Amino acid sequence: MDYNFSDIERKWQAAWEEAGTYKVSNESDKPHFYVLDMFPYPSGAGLHVGHPLGYIASDIYSRYKRLNGFNVLHPMGFDSYGLPAEQYAIQTGQHPEKTTMENIERYIQQLRKIGFCYDWDREIKTCDPSFYQWTQWAFVQMFHSYYDTALQKAQPISKLIAKWEANDPKWNTLSEEEKQARLMNYRIAYLADTKVNWCPELGCVLANDEVSEGLSVRGGYPVEQRVMRQWCLRVSAYAGRLLDGLNKIDWTDSLKETQRNWIGRSEGAEMQFAIKGQDEPFTIFTTRADTIYGVTFMVLAPESEYVARVVTEEQKEEVEAYLQMVKNRTERERIADRKVTGVFTGSYAINPLTNAEIPIYISDYVLSGYGTGAIMAVPAHDSRDYAFAKHFNLPIVPLIEGADVSEASFDAKEGIMMNSGILNGLEVQDAIAKMKEYITNTGIGRVKVNYRLRDAVFSRQRYWGEPFPIYYKNGMPYTLPEECLPLLLPEVTDFKPTATGEPPLGNAEQWAWDEANKCVVSKSLIDSEHIFPLELCTMPGFAGSSAYYLRYMDNHNNQALVDPKVNQYWKQVDLYLGGSEHATGHLIYSRFWNKFLYDLGYICEDEPFRKLINQGMIQGRSNFVYRLVGSQNTYISHGLINTPEYEGKVQPIHVNVNIVSNDVLDIEAFKAWMPEYKDAEFVLENGKYICGWAVEKMSKSMFNVVNPDDVVAKYGADTLRLYEMFLGPLEMSKPWDTNGIDGVHRFLRKWWNMFESLSNDEPTAEELRSLHKLIKKITWDIENFSFNTSIPAFMIAQSELQALKCNKVTILKTFAILLAPYAPHIAEEAYQLCQLRIMNEELRNDESKIQNSKLESVNDALWPICNEAYLVESTQKYPVQFNGKVRFTIEVAKDTPREEVEKIVMSHELTAKQLNGAAPKKVIVVPGRIVNIVM
RNA sequence: GCGGCAUUGGCGGAAUUGGUAGACGCGCUAGACUUAGGAUCUAGUUCUUAACGGAGUGAAGGUUCGAUUCCUUUAUGCCGCACCA
């Protein structure tokens, strides 16, 4: 009986689809469970073997939960709006809609072959109007909401207006435009002139998490700082809750830590410093209130609004020049070139405790976006202030006993205070507390918590994204009525981005809003009385991916994002799988988005993802051939390149890993691979050409991309699934190495052969023991996401049962259920064979039975429960150790209590001889079947 | 600089509660079958030693009858944040 995996897999994939096996209902008496994969960007390159790693793991878990009687929601969709999809379209010169749809189709084809238990009826695409209608809808809600800091939650902005109408006499005197301008400071989605990361190459602005070291994460293009009028989301209002929420979700420590880091909570104090000769003081933020006696100068950020107030006539020219210099430097230059720069403003501040006059400087090492954009500088205890003080020759006053500040500052928050008036003699931590209390009581300042988390810039000067449901009347934005959503993305003649920042939607002919008739009309009709211009920017990639998990619950609903009853049933994602690269982007934004919808009562859970697992990245494993330097086309096998004859004379060249098997080069395939290798000659070892290898990023240029389709064609989906899990722990990064896939495939073949001739006999005790050991192990593995250790367990059980010549239907049928989450196709086929065998028996007894019955799918089976009784052995061997060495072995009945074992050891004649008659202090019996004698 | 994770044979990795380190797979070695093998089966495979033994989980200490596992120091690698006052 051959294991014909391609027939089996094709047959069952078709059968499951026809039977609707994986359709999920929103109404069920079963307990619910929601397993979600981070949905992919459908890139043009298609899936490589790294992509399905997490999908396979979540599929195994979903199938396991399903077999345990849960109603499991396990959907898949496509994040199809945004930069990557559009960049691909531009590179290939096609319309993004066309390429996106083609790419999605290709992804679906590839995914279907692997046999996932997705409910494809729930598929979503973020670029589909029926989906982005709800992205736009959420934006409208954010526009009409503000964050109530007293209640710590979002509220309809109408409440704020009502409050002002009642309590703020000034409000009622404002014009419509003034009112709108004031409201803009409170809306969760707001329009503002902000400093943004502008990427000329991509022709659009980027969020902070899309920029790394002054380069765009996607494409690696330079990014500069620009002030632009942009839509923003008030994510920073949620900083405290985003931080606290981490404590009640089951995520890995490293991911929580990354988010804590990104949110950047910092407890300190705001203090007011008077400016000499002026009435109004200015405010600084510090975490080291205790160091106030060591302040020798003040520093303002170049963009600080205080700058204009403190610059004196004499210094004006110099300051102007400095500000101009700072403005012209890109973010990248500033990071690369960290030399100390700055300029004196001419003004002095007054130290509120010592009344000392201290000079005020401007320097770009102080950031305008954090705190108040102004600091008090304490060079003795802050390394940045120290560098500045050295450069400008400013005094350095040490405040901690024994701190040597002649070479470097003493930044540690420890030691005893000195030179510090009322703080002298205190420990630093106590001094901080005392100073906070002092400044609060005297009104010099107040305790303040600052967050590093910034608001998210939400506009993109791009075509391929959700249009904003916004039109402009007298320069102020207004939302489209909710019933007019979705606002469809218009056709344009040219969708390419521009380096100057003019959005491509400016090219759209039909792009104006008729307010009275509530419809989109030609922009030539704009009269600013009835017909108004629509917003030209589109939303960023993270817009569509922030609440997509809610839409899967109820994706056909055109009345609401999700029906409250349905949301009440599924609640939240129980298990979320994806890469850790989304830690500071998607996973912050979707938590924010979710909390916002929660505040407004649209959904029932405060946190979207209860448990989150990061699967590791699959790296590429490249292969090399070694060309003899100087020769045209001679290649040396890897084992010979370090021999005296060839050492230092070879040059490694990447070779396509798909023509290499177990590091052995397929020579004919190599010659046919590229014309230049047609006449290649080889120096072999043992008749083979062995390739070298290295772990690198999986990419086309390294010729190390492996397509899952090829693996499925060669070995079958079940082998691919098992092997991806077998590679190593789910959460670790590891290279894709095809050496070894044969071993896993062999296991399936051997397992399959056990079903050749089945018997209905009663299983033996030994067979049951093997099986129940396996049940226990597999159950533990899946519950603990230790999928890689299951495959060896399957192999061991298989070989044990084979050694026992086991062909019992009862055993093998249960084995099939255990294997079903990992290798569903072969398990289903084997399960059917078992049922047929049972039926044949029944048929012999009662022919009417078989006609009325239908074969049950392995998907509807019940997960077996381990019966510990089967695991018990009649006797157990205890190696007895003394001084760490095994001296002898005793054999006792299984389940003998420890004390009994101890007694037996104590009375054992060998013990006495071994111990020269001396009495042992104690005998330790441990579960590992070891007895240890302690003298 | 701060924070997180890792380090075990030729390779990927196992050891789940501190209890026989190296499961399982690959590779390799030998044998069987075979016209043939990139097929299948059997046995062996941490290092060292002729053997008895001895050593051994990045390194150095510690706790323990007993440490891959816990603690301290340290080295290396990967990841995240980084002029955040």
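Computed from a predicted model, the values in this text were never measured in an experiment.
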key: Check ion pair A:R769-A:E800 (N to O, under 4.0 angstrom)   = no
ask   = If you measure from the P atom in B:G31 to the same atom in B:G37, how many Å do you get, rounded?
value = 13 Å
Ring center gap for A:F670 and A:F682 short of 6.0 angstrom = yes
query = Reckon A:P735 touches a base, only the sugar-phosphate, or nothing at all at heavy-atom distances under 4.0 Å?
reply = nothing
key: Nearest-Å distance for atom pair CG/P, residues A:L748 and B:U40   = 14 Å
message = I need the CD1-P distance between A:I741 and B:G12, as an integer number of Å.
response = 18 Å
request  = Report which part of the nucleic acid A:V366 touches: base, sugar-phosphate, or nothing (heavy-atom distance under 4.0 Å, all strands).
outcome  = base
request  = Assess the pair A:F815 and A:W751: is the distance between their ring centroids shorter than 6.0 Å?
outcome  = yes
query = When only distance counts, do a donor and an acceptor, one from the side chain of A:K776 and one from the base of B:U16, lie under 3.5 Å apart?
reply = no
Atom pair distance, as rounded to whole Å: OH in A:Y723 and C1' in B:C26 = 8 Å
ask   = Could you give the CZ-to-P distance, from A:F726 to B:A14, as a whole number of Å?
value = 10 Å
Nearest-Å distance for atom pair CD/P, residues A:E800 and B:A23 = 15 Å
message = I need the NZ-C1' distance between A:K734 and B:C79, as an integer number of Å.
response = 15 Å
inquiry  = Tell me whether the count of non-hydrogen atoms from other residues, nucleotides or ligands lying under 6.0 Å of NZ in A:K776 goes above 12.
reply    = no
inquiry  = Counting only heavy atoms not in A:E581 (residues, nucleotides, ligands), do more than 12 fall under 6.0 Å from its CD?
reply    = yes
inquiry  = In whole Å, I'd like the distance from the CD atom of A:Q798 to the P atom of B:C41.
reply    = 10 Å
inquiry  = Tell me whether A:D742 is salt-bridged to A:R746, with the criterion being a basic N under 4.0 Å from an acidic carboxylate O.
reply    = no
message = Can you give me the closest heavy-atom contact between A:T287 and A:S266, atom names plus distance?
response = CG2-OG, 3.3 Å
key: Which residues share a side-chain hydrogen bond (donor to acceptor under 3.5 Å, both in side chains) with A:D250, sequence neighbours left out   = A:K611
message = Let's test your reading of the pairing rules: Watson-Crick or G-U wobble, both distances under 3.5 Å, then write RNA chain B as a dot-bracket string with ( ), [ ], | and dots.
response = (((((((..(((......[....)))((((((.......))))))(((....)))..(((((..]....))))))))))))....
Please list, for nucleotides 3-11 of chain B, all pairs of protein and nucleotide N/O atoms separated by less than 3.5 Å.
none

query = Whole-Å distance between B:A15 P and A:N784 CG?
reply = 11 Å
inquiry  = If I take atom CD from residue A:E305 and atom OG from residue A:S368, how far apart are they, to the nearest 0.5 angstrom?
reply    = 10.0 Å
